[in-house]
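Below: the structure, in structure tokens.
Please read these numbers as outputs of a predicted model, since none were measured by experiment. Only this structure's heavy atoms are used, side chains among them; waters, hydrogens and symmetry mates stay out. We name chains A, B, ... by the order of the sequence lines, and we start the count at 1 in each one.
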Amino acid sequence: MKEQSGKILDQLLQHIGLTFISLLIAVIIGVPLGIFIARNKRFSAPVLGLTGILQTIPSIALLGFMIPLLGIGPVPAIVALFLYALLPIVRNTFTGITGVDATVIESARGMGMNSGQILRKVELPLSMPVILAGIRTATVINVGVATLASYIGAGGLGEFIFGGIALNNTNMILAGAIPAALLAITFDFILSKIQKMDLRKLKSGFWLLPVCMVFLSSFYLLPDFYRSKMLAGFTPEFMGRKDGYLGLKNVYKLNIRTVVISDAVMYKAAYEKKLDVISGYSTDGRLKAFNLITLKDDKGIFPPYYAAPVIRKDILRKFPELENVMNQLAGHINDSIMTELNYRVDYLKQSPEKVAKDFLVEQSLYKEPVNGNEGTIRIGSKIFGEQYILAAMYSMLIKGNSGLNVETKTGLGGTKICFDALTNDQIDMYPEYTGTGLLVILQTPDSIVEKLGSNEQDVYNYVRKAFLEKYNLDWLKPIGFNNAYALMMRKSQAEKLGIKSISDLRNYLNKK
Amino acid sequence: MISLNNVVKKFGNTIAVDDISFNVSEGENMVLLGTSGCGKTTTLRMINRLIEASSGSISVAGENIKDISPEDLRKNIGYVLQYNGLFPHYTIAENIAIVPELLKWPKQKIKNRTLDLVEQLHLSSNFLSLYPHQLSGGQQQRVGLARALAADPPVLLMDEPFGALDAITRSSVTKEFSTLQALKNKTIVLVTHDIQEAFEMGDTILLMDKGKIVQKGRPVDLLFHPQNNFVVDFFSSKKMQLELNAVLLKDIWYGLPALQRRVLENTIETDENKSLWEALEILNVKKDTSLLIKDSSSGETRFAGYDSLFAGLEAIKQFSHE
């Protein structure tokens with residue numbers, strides 16, 4: 001809990017920093033732009049239109065657009081936030097200035113003031129309340145959108161929010177959401193006070209506002225002060241799991257600076273040297289695509305995740321031939337083969353069905369569909385390539401070796417959804433992993449988990465027995481590969497530093 | 001002092017000001033009079049280059065206004081608007097100080113000048129730290145005038161300066177205006193559509209219509225020697241009031257009796273420069289009063305009552321038709 005409170009402070013400071021850096025840039029560019037279109041009205045429609053369109057782009061999409069251009073981290077986040085803050089600032093500056101009483105402007109001209117003097121002495125002071133309202137709006141928007149910055153590894157309170165969502169931990173979500181909301185309310189309040197201040201007195205204290213903004217922007221750098229040599233990027237789910245980041249800290253005593261980042265971007269980020277270490281799955285095709293290697297889990301904190309189909313016992317009883325058909329696949333796929341198959345789907349963009357068929361053909365397991373009508377087997381799968389491939393393989397095996405028909409219900413989002421579908425008789429089987437069964441589904445107590453250790457057979461036997469007893473579900477023979485959590489690094493960097501295992505990594509980091 | 005030669009202003013295809021020429025002598029009060037759209041305001045605003053003339057030339061104090069920057073020109077010309085245009089975020093003192101500060105006057109000089117003007121325009125010095133919205137309409141207009149006079153410009157341009165005031169305030173302010181010391185030596189060009197106002201404030205009237213000058217002259221000239229039907233029609237409403245305002249006691253001097261008709265209780269003394277209207281107002285104060293008019297230069301005296309005043313007016317009118 002103590003370490004978490006330190007984390008909250010980090011995230012809070014990063015959040016404030018992100019919000020204000022982008023706000024500062026938006027004001028520096030937006031206010032002059034607003035003045036420009038107020039003077040040259042023919043540009044007002046296109047400029048306001050463009051900034052308006054920027055606002056309508058969903059924030060996540062905008063962040064996504066930034067990645068190929070600017071990579072990950074604070075820079076794309078700040079650029080996206082800046083674009084978002086532009087509309088309220090530009091529009092309000094424009095509205096404020098064009099709204100200044102025309103008679104006052106005319107009298108100022110008539111007295112001999114030039115444009116610059118009119119701007120400084122008349123237009124800006126009189127439009128200041130409206131401009132400040134725009135800055136206020138932009139601030140509140142930015143505090144909100146900045147929660148998404150963690151999606152691309154820029155830090156901020158979003159880390160807790162997304163982590164909490166991934167781990168179904170409400171406290172964690174609130175730990176991120178409540179400070180963010182408070183931040184928005186506080187800044188809005190402070191700015192409303194400034195807005196109401198007598199603008200006459202504001203004349204002298206005016207420099208205070210930019211100074212404050214620069215000061216708050218610098219907050220972003222504070223957490224950097226205790227940098228470590230390397231930067232790790234972990235998914236929100238990994239951060240909160242005992243067999244994830246927490247295990248790294250407790251068992252390996254690994255001390256590395258982490259950013260939370262989404263699975264979608266992290267591999268590329270490691271490839272592009274924006275991250276040095278990432279979490280991932282040991283059969284992920286992107287390992288091959290981005291030239292990464294997995295580090296050996298020498299202390300065994302990642303339990304085995306042997307893949308095997310989990311199937312309803314009553315279906316096995318109904319169609320006993322199924323067991324032999326499905327076990328045909330057992331032992332045919334090892335880690336590197338699965339990685340290669342995943343690579344074809346994730347990176348070469350081949351369809352899972354094609355990859356499955358090609359493999360079965362190559363292994364002489366493929367048979368043309370019998371097209372029987374003796375019954376239908378419903379196969380489920382989770383939402384990633386490997387699952388789609390396995391589901392397709394099983395589907396083809398069943399159709400080719402029996403008179404049964406197959407219906408696939410793929411893309412069920414997450415372990416819980418898949419498992420619930422199975423127990424509720426909405427699907428008959430899906431490919432699961434022993435480690436997931438042990439930790440996530442059975443929620444086995446620590447003492448038993450430790451006893452089982454990383455012995456694959458022990459874990460398999462345990463989960464098989466427990467599933468039969470509790471859920472009337474059976475585990476068929478393991479397919480042959482272990483899709484466990486792993487830490488990964490760029491092959492070139494790992495070889496250069498002589499890092500082969502997680503302990504090696506820790507030793508390297510602790511060296512002064 | 002101010003000279004316009006063949007000035008034309010076109011907005012697109014519309015001719016707003018159609019080849020006008022006139023001069024304003026130093027110290028003269030000229031009123032541009034006409035209905036909406038006649039081009040009077042456009043003409044005024046060409047003098048300080050808020051609008052640039054399409055063709056023709058304008059000079060102020062002998063210098064062509066195009067030869068100096070508009071900003072420098074305007075700092076030397078006072079400009080009063082209908083809705084005063086006071087800076088809402090400046091105090092009264094700061095408002096008045098605007099042009100002197102643009103001219104970089106020393107602070108003490110500005111302060112003294114401000115206090116001086118405030119007194120001359122009958123404003124309380126307590127107002128100096130207040131903001132415009134805290135003053136009444138009439139007070140705001142005085143501040144607008146003070147602001148225009150702050151740097152002591154030789155020329156003053158006024159665009160319907162009393163148009164936004166209510167009728168009661170307007171009549172008292174207009175009266176006061178003609179007596180203000182601060183305006184005595186200024187060359188003033190004033191735009192209005194109000195005939196009454198024009199007659200009270202102007203030495204010379206420039207009657208305009210559709211961008212052209214219809215007639216130029218003193219109020220009495222326009223009333224009694226109209227050049228065309230337009231002029232006749234323009235002054236046809238409230239004609240009697242206008243005539244009484246335009247004709248001064250000195251204009252009917254020789255028709256007035258040198259001796260009192262009856263020995264009455266009340267005689268009020270006045271001078272020959274009052275208008276017949278003012279004379280009637282004085283007579284109206286008490287019953288059975290007559291006026292003793294003393295010529296300020298020659299010292300001669302005449303008497304006047306209601307009858308003699310109207311008789312004098314009739315004589316003037318008859319004379320003008322011959």
Side chain, backbone, both or neither: which part of B:L50 has an atom under 4.5 Å from a heavy atom of chain A? both

Proximal component of B:N84, with respect to chain A [non-hydrogen, under 4.5 Å]: backbone

Contact class of A:A102 relative to chain B, heavy atoms under 4.5 angstrom: neither

Please classify the contact of A:D101 with chain B as side chain, backbone, both or neither, using a heavy-atom distance under 4.5 Å. neither

Using the rule given for side chain to side chain donor-acceptor pair (under 3.5 Å), can you reason through B:E28 versus B:T187, listing the C-alpha separation, both sets of side-chain angles and the distance that settles it, and then say yes or no? CA-CA 5 Å; B:E28 188 180 348; B:T187 309; over 6 Å; no

Check: A:F94 ring centre within less than 6.0 Å of A:F43 ring centre: no

Just checking B:K66: does its NZ atom have more than 12 heavy atoms from other residues, nucleotides or ligands closer to it than 6.0 angstrom? yes

Under 3.5 Å side-chain donor-acceptor pair for [X] and [Y]:
X	Y	result
B:S136	B:Q139	yes
B:T192	B:E197	yes
A:N142	A:S22	yes
A:T95	A:N92	no
B:Y83	B:Q140	no

Just give me the residue among B:V99, B:L86, B:V80 that pairs up with chain A most often, heavy atom to heavy atom, under 4.5 Å. B:V99

Taking every heavy-atom pair that is under 4.5 Å apart, which of B:L102, B:N48, B:L73, B:N76 has the most such pairs with chain A? B:L102

Do A:V104 and B:P88 make a side-chain contact, defined as non-hydrogen atoms from C-beta onward lying under 4.5 Å apart? yes

How about residues 143-169 of chain B versus chain A: which residues have heavy atoms under 4.5 Å apart? B:R147

